[in-house]
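Data block below; observations after.
Model, not experiment: these values are computed from the prediction.
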Amino acid sequence: GQCGLGEPLESVPSPREISELQDHGSALLISAGRRHSIIVVRSRSIEASPRPDFLYNVVAFGSNSSGQLGIDPEHPAASRDKMLSPILLRQVSELNVKQIFAGGDHTFLRCDIDNVKQPKLDPSFTWGDALETGPHPICAPGSPSLAAWEASSDNLLRNVETLCGSAACLNAGFLSFAKALTHNRQNYMAFDLEAVRAYYNALFELDASRTATVVARGFRRLMGSQPSLSLTTASDYLFVLAVLECPLLLKPQDHLPILEGVVGILATLVHRDPTEQVLKPLFEIYVAHAPTYCQRIVQVLQGYLMYLLAGQGAPAEPVFLCCLSLNWLFRNNRRAKLIDNSLFYNSKVGASDAAIQQMVLWLLAPTQAFSFVNFPFLIPLAMKEKILRVTSQQHQLQQMSAQAMEGVQLPVLLLKVSRTNILEDTLANFDKIKNPQLWTCPLRVIFEGEEGVDEGGLVKEFFQLIMPKLYARACVPMEAEGHQWYWFAPPTEETLKLQSALGLLFGLALYNNVLIEPFFPSVFYKMLILETSEMKQLNLEDLASCTPDVARGLQQLLDHEGRNEEDVFGLTFELTYKDADGKTETIPLKPGGGDIAVTSLNKAEYVQLYIQYYLYERAGASFDTFKAGFLTILRRTSALVMLRPEELERLLCGEPEYDLMDLKKHVRYVNYDASDDVIQWFWSIIEALPSSKRRKFLMYLTGSARVPVRGATDIRMVIQRTADETRLPVTHTCFNLLDLPAYKDKATLESKLLTAIEETEGFTLV
């Protein structure tokens, strides 16, 4: 009843006129408590007033559970516990009310009973000269103007400090009914972050030093009042968003008490609100604004966390609370996709070998102690790759140490294969491995009839040779809208064996830092991380990664607002597709699906069943076999749980773009010097190549068009001089080695080099 509309409404999402209030007069002062409202009105006529010489009345409505409405004792409604419509408070109106204050279940009035014949209302709060003329949201401070500053800077600063020092003023100061009316999200609170930023910008343009001091002082006072704050609903926490929007907090070293306080409030809410009844409406405010506002709060919290981690012996509690706050933002951002997930990486997390080792130890033996492993979104991918590698090394060392203590030769996973029969030899090698611990030993490869010690180059060459053969026999090529990818061939005894081997090789590649060509769609990596019972999490976005046209059609079905889906789309609970042999297959998505029409009531179920069958169930046996092989290697590496699907893809397949200067900076020369003309010409030619040609050069040099997640610095290119100037430059992709003749002029070098690059053939989908 606190809205005075005369109806027992649960909520009033849009502004409505309080029509019965007009019977009492024009509203002058308004104050609202938790569930009641008090209004001072100017009477429409002297006769309507309790006393002829008094023109102001007080009316009230809402909850009266504690007598907070102040209804006249003799009034018939005095005993009611609520009033849905405004009621005139005759006795109160005679007290010459000057100010009204409502809060919680209380109402206070300031009256002047000695001057009843000269009534003059005082506003409960005024911004005075600090306000610009023109319409403003309720209680909005407006943008401080230069004129207001010059007229009374002291008055403005007092008002600024009052605003920044009060949770109530910040909560109410930036509400916008215009946003509420134009925004169609349910339960959206019309808190205007644009107005908040505009206010700070205008304020700091006047006198940055003085205004910054006053704002900070107000915020510190606000943080000091935390114990007395009554925070229950989302609207009570709006001040947190206003504080974290302040650009002053981008310099955490100057405002630690403020950051500690506001992060403590937010983290406590995150902990106490697991179902996000309060938190979800708060994040919806960011959804309603441009991404830059979400980016600001992330920047502030990341800066604070970086400062904490940069200090020696940073206290664990502030770090943990900051991580909790960022975790809330990250979870909701993954749903809303406001900003790139990479903005949540924190360069200080895992920046030292000691920090990496600490996380590795936690993964090997989890405890209740704090670890960034529980907040993996903060760990940069390069650090995750390092953690994965160090964890793998720890497993390998444990195996080797155990063997060494028993006097047994240090174990390796040794594969002896011939180049002419590499696939069959590999399968035979895999069949002979009976000890599951061998899979996590260092991989070594010997090619029959060839001498040499495998220091990593032969392993890389092994993958380059065998992967095309496995893809060709364990998978089938797919295409839609010019997009090509591989998917699993139908299960047979032969293909299941090949798919298991393919999974093992994927695991070995990740375990031994070998890049694989990205011929599976992105949903494949999500499915590797999901449990079988979680495949219902696959969605239209996942389907679009391999068949965009089908995904669009299903989205159109969901978006159709009529109730005539049966007539418009003519669908039943069946799926029709072409199998690997080009034959058309029709599969029921549920028992009797051919007789069940798709309607507005069941279309969401139809879409979900379609996605699950298309992506998983139709190749479920094959995919499960592949995944079992993959997890044979990786289940011993708990670091896998830290990865998101897109991160797993980048670790397995590398990055598509690279910094040429990183490659140049870490190159090693054999019988050349960096100042030699040939070397200068070489880099000049490479730097002038367009990005597509640079990727081809990378393929020419390394056998892959991608670089490891840590960039080109991991490639360790070698350029060595060769004598025959009549020959093209030659690369040894296993060792990233370029044999470069000392050509006499740049034109010859350019012609020979570009010819060699163009003739490069990698494994591609045709």
Run the salt-bridge test on K526 and E646 with the 4.0 Å N-O cut-off and return the result as yes or no. no
F330 and F377: aromatic ring centres closer than 6.0 Å? yes
With the threshold set at 4.0 Å, does a side-chain nitrogen-carboxylate oxygen contact exist between E617 and K536? no
Examine the side chains of T572 and E574 and answer whether a donor and an acceptor come within less than 3.5 Å of each other. yes
Taking all heavy atoms of C475 and all of Y486, pick out the closest pair and write down the distance. CB-CD2, 3.7 Å
side-chain hydrogen bond (donor to acceptor under 3.5 Å, both in side chains) assessment of Q499 paired with T625: CA-CA 6 Å; Q499 288 152 359; T625 299; 5.3 Å; no
For the student: nearest non-hydrogen atoms of D659 and M661, plus distance: OD1-N, 2.9 Å
Are the side chains of L222 and L170 in touch, meaning some heavy atoms are under 4.5 Å apart? yes
Heavy-atom closest pair, residues G350 and A355: CA-CB, 3.9 Å
Using ring pair (Phe, Tyr, Trp, His ring centres under 6.0 Å) as the criterion, point out the one residue from Y613, Y606, Y610 that pairs with F573. Y606
Residues E561 and K603 bridged, charged N to O under 4.0 Å: no
Where L244 and R296 come nearest, the two heavy atoms and their spacing: O-CG, 4.0 Å
Salt bridge or not between E647 and R644? Use side-chain N to carboxylate O under 4.0 Å. yes
Just wondering, more than 12 heavy atoms not from E260 lying within 6.0 Å of its CD? no
For the CE atom of M527 and the OG atom of S522, what is their distance to the nearest 0.5 Å? 11.5 Å
Are Y293 and E194 side-chain neighbours, meaning at least one heavy-atom pair lies under 4.5 Å? yes
Stepwise ring-ring contact (aromatic ring centres under 6.0 Å, His included) test for F626 and F488: CA-CA 9 Å; F626 172 94; F488 297 99; 5.4 Å; yes
Are side-chain heavy atoms of L558 and L540 found at a separation under 4.5 Å? yes
What pair of heavy atoms forms the shortest contact from A369 to W362, and how long is it? O-NE1, 3.3 Å
T233-D236 side chain donor-acceptor pair, cut-off 3.5 Å: yes
Does some side-chain heavy atom of E655 sit less than 4.5 Å from a side-chain heavy atom of R650? yes
Apply side-chain contact (heavy atoms from CB on, under 4.5 Å) to residues E517 and S704 and explain how you reach the verdict. CA-CA 7 Å; E517 291 300 317; S704 172; 3.4 Å; yes
Partner set under side chain to side chain contact (heavy atoms under 4.5 Å, CB included) for D714, not counting sequence neighbours: P708, R710
Parallel, tilted or perpendicular: ring planes of F520 versus Y471, cut at 30 and 60 degrees: tilted
Where do W328 and L269 land on the side-chain contact (heavy atoms from CB on, under 4.5 Å) test, with the steps shown first? CA-CA 10 Å; W328 164 62; L269 174 60; over 6 Å; no
Can E657 and R706 be counted as an ion pair, charged N to O under 4.0 angstrom? no
Would you check if there is a donor-acceptor pair between the side chains of D549 and T547 at a distance under 3.5 Å? yes
Check the pair D624, Y616 against side-chain hydrogen bond (donor to acceptor under 3.5 Å, both in side chains), reporting the backbone distance first and the verdict last. CA-CA 9 Å; D624 289 345; Y616 175 65; 2.9 Å; yes
Contact summary for V349 and L378, nearest pair of heavy atoms: CB-O, 4.0 Å
Does a side-chain heavy-atom distance below 4.5 Å link M642 with L388? no
According to the interplanar angle, ranging from 0 to 90°, do the rings of F370 and F372 count as parallel (below 30°), tilted (30 to 60°) or perpendicular (above 60°)? perpendicular
